[in-house]
Amino acid sequence: MKQTAICWFRRDLRLDDHAALHKALRDHDEVIGVFVFDTTILAALPRQDTRIDFIWHAVDELKRTLQTLGSDLLVIHGDPVAEIPALARRLNATAVCCSEDYEPAARRRDDAVASLLAADGIAFHAVKDQVIFAKDEILTRTGKPYTVFTPYKKNWLARLRDEDLAAWEVTPLLPRLYQGQLSDMPSLEALGFAPTDLASRRMPLGQHGAEQLLEDFLARMPHYAEWRDFPATKGVSYLSPHLRFGTVSLRRLARLAHAGQGPGAETWLSELIWREFYQQLLWHFPHVAEQSFKPEYRDLTFDNDPELFKAWCEGRTGYPIVDAAMRQLNSSGWMHNRLRMVVASFLVKDLLIDWRWGERYFAEKLLDFDLAANNGGWQWAASTGCDAQPYFRIFNPVSQSERFDPEGTFIRRYVPELAAFGKRDIHAPWQAKQPPLGFVVGRDYPLPVVDHALQREKALLLFGKK
């Protein structure tokens with residue numbers, strides 16, 4: 001009797017090095033690929049959402065690629081908890097294969113799907129794909145999860161073997177794919193969304209776009225360690241959205257970084273390990289999604305001034321590097337990692353606003369939004385997380401600007417009203433002795449909404465009480 005399996009694509013929108021697809025093809029006679037536009041997630045999103053646009057293009061490319069192989073991708077719009085078991089029954093499938101997801105909501109969803117499938121005698125196989133080591137694979141000597149990065153990284157590297165980085169090759173097994181035509185690809189409008197300006201940004205999309213970005217970055221990887229902190233420099237990989245949605249394989253990136261020579265490759269691999277550190281943290285301590293990791297900081301009495309928060313969101317705080325970063329986020333759905341730390345520190349330590357306000361704003365805006373990384377980064381900057389920046393280390397936004405955008409190039413790109421300022425004055429225009437002719441600080445660009453030195457003392461008092 002023919003054994004049919006469903007491969008449920010989720011945050012693994014590619015055919016290259018695909019663990020779940022490999023398992024489905026290896027263990028079954030026929031495999032049908034499925035993607036679900038999850039209405040339980042989509043319902044809360046705005047009509048124009050770049051992430052849905054990004055996913056739509058990736059799914060569309062995946063579907064077209066499968067069609068060139070004589071197969072297809074079944075694309076469903078609904079609640080996967082209902083849709084996947086119903087589809088499995090209709091197809092007389094013996095198993096559903098997918099990649100593991102470690103976020104609390106995803107775990108609840110998968111538990112519900114697995115339970116419904118089990119009631120019908122259908123197997124549910126969730127396999128590791130988006131990390132090298134998952135769940136309990138990296139633990140301390142006492143069997144506890146790591147809460148400090150450096151020893152986690154040391155253990156991660158010591159544990160690493162070639163087989164951990166090996167690709168799950170699916171090409172020899174592709175003849176087992178379902179041969180035939182399935183549903184049409186629904187338009188964005190049919191899903192309840194409108195196209196965004198994603199295409200006009202010339203952002204490389206889908207698996208093909210990830211290949212373009214990776215090829216471009218590999219030539220620059222030797223300089224990654226020295227260039228990555230400068231937002232005006234093309235120093236990072238720009239692969240984070242593709243890594244988030246799996247249009248590129250994490251194993252492949254880690255393999256390339258591990259095989260690379262020099263500080264650039266080593267630093268890039270370290271960043272990939274940081275990503276896994278936050279993934280395992282969320283797995284072992286799911287409460288961090290809602291509250292501070294450190295109990296002593298769970299009842300901090302932040303000022304939470306809504307007008308200051310609005311100024312931060314809109315990029316009009318009067319601190320050019322902060323405003324440039326927020327405008328980059330608002331216009332592109334992406335922000336340079338150094339600037340994510342700067343604006344997060346500024347929100348919490350200068351504006352005295354709860355880190356969760358900023359985390360939620362990033363969750364709404366970031367194309368590469370990943371719950372574990374976003375939460376981990378915010379709690380690091382806010383000093384409330386594990387292995388976080390000490391509360392008394394507070395970024396000075398002017399010093400950060402002078403150090404990481406010394407010529408003011410990045411600021412001029414996103415805060416064009418300051419373009420005429422020289423490189424010395426552009427970081428703190430309110431202190432300029434001779435601003436450009438006709439320019440009035442407070443009229444043409446905001447005065448600082450707070451005094452950094454005063455706010456720093458308030459932050460030290462707030463955190464120092466705990």
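One is the number of the first residue; the rest follow in order along the sequence.
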* So, R252 and D17, do they make that salt bridge, N to O below 4.0 Å? -> no
* To do: Answer yes or no: is there an ion pair linking K423 with E402, defined by an N-O contact shorter than 4.0 Å?
  => no
* To do: Taking only Lys NZ, Arg NE, NH1 and NH2, and the carboxylate oxygens of Asp or Glu, determine whether D72 and K63 approach each other closer than 4.0 Å.
  => yes
* **Geometric class of the H22/W168 ring pair [parallel <30°, tilted 30-60°, perpendicular >60°]** => tilted
* With S383, which of Q389, K349, R393 fulfils side chain to side chain donor-acceptor pair (under 3.5 Å)? -> K349
* Proximity of W56 and F193 rings by center, below 6.0 Å -> no
* **Aromatic ring pairing F309/W312, orientation class (parallel under 30°, perpendicular over 60°, tilted between)** => parallel
* Residues R327, E314: salt bridge by 4.0 Å N-O rule -> no
* Considering only NZ, NE, NH1 and NH2 on the basic side and carboxylate oxygens on the acidic side, decide whether E407 and R412 come within less than 4.0 Å. => no
* Are any of the side-chain nitrogens in K23 or D129 under 4.0 Å away from the carboxylate oxygens of its partner? -> no
* To do: Output yes when E100 and R11 qualify as a salt bridge under the 4.0 Å nitrogen-oxygen rule, no when they do not.
  => no
* Asked: Would D111 and R107 pass as an ion pair if we require N to O under 4.0 Å?
  -> no
* Asked: Taking atom types as modelled, is there a side-chain donor on Y238 or D368 under 3.5 Å from an acceptor on the other?
  -> no
* Between F149 and Y152, what is the ring plane arrangement, given parallel below 30°, perpendicular above 60°, and tilted in between? -> tilted
N/O donor to acceptor pairs below 3.5 angstrom from side-chain atoms of residues 260-267, sequence neighbours left out:
{"unit_1": "T267", "atom_1": "OG1", "unit_2": "P263", "atom_2": "O", "d": "2.7"}

* Would you call the rings of F285 and H287 parallel, tilted or perpendicular, where under 30° means parallel and over 60° means perpendicular? -> perpendicular
* For the residue pair W156 and E276, confirm or rule out a side-chain donor-acceptor distance under 3.5 Å. => yes
* Do NZ/NE/NH1/NH2 and the carboxylate oxygens of E30 and R176 come within less than 4.0 Å? -> no
* **Those residues that, when tested against D229, pass salt bridge (Lys or Arg N to Asp or Glu O under 4.0 Å) (two or more places apart)** => R338
* Are D53 and T196 linked by a side-chain donor-acceptor pair shorter than 3.5 Å? -> yes
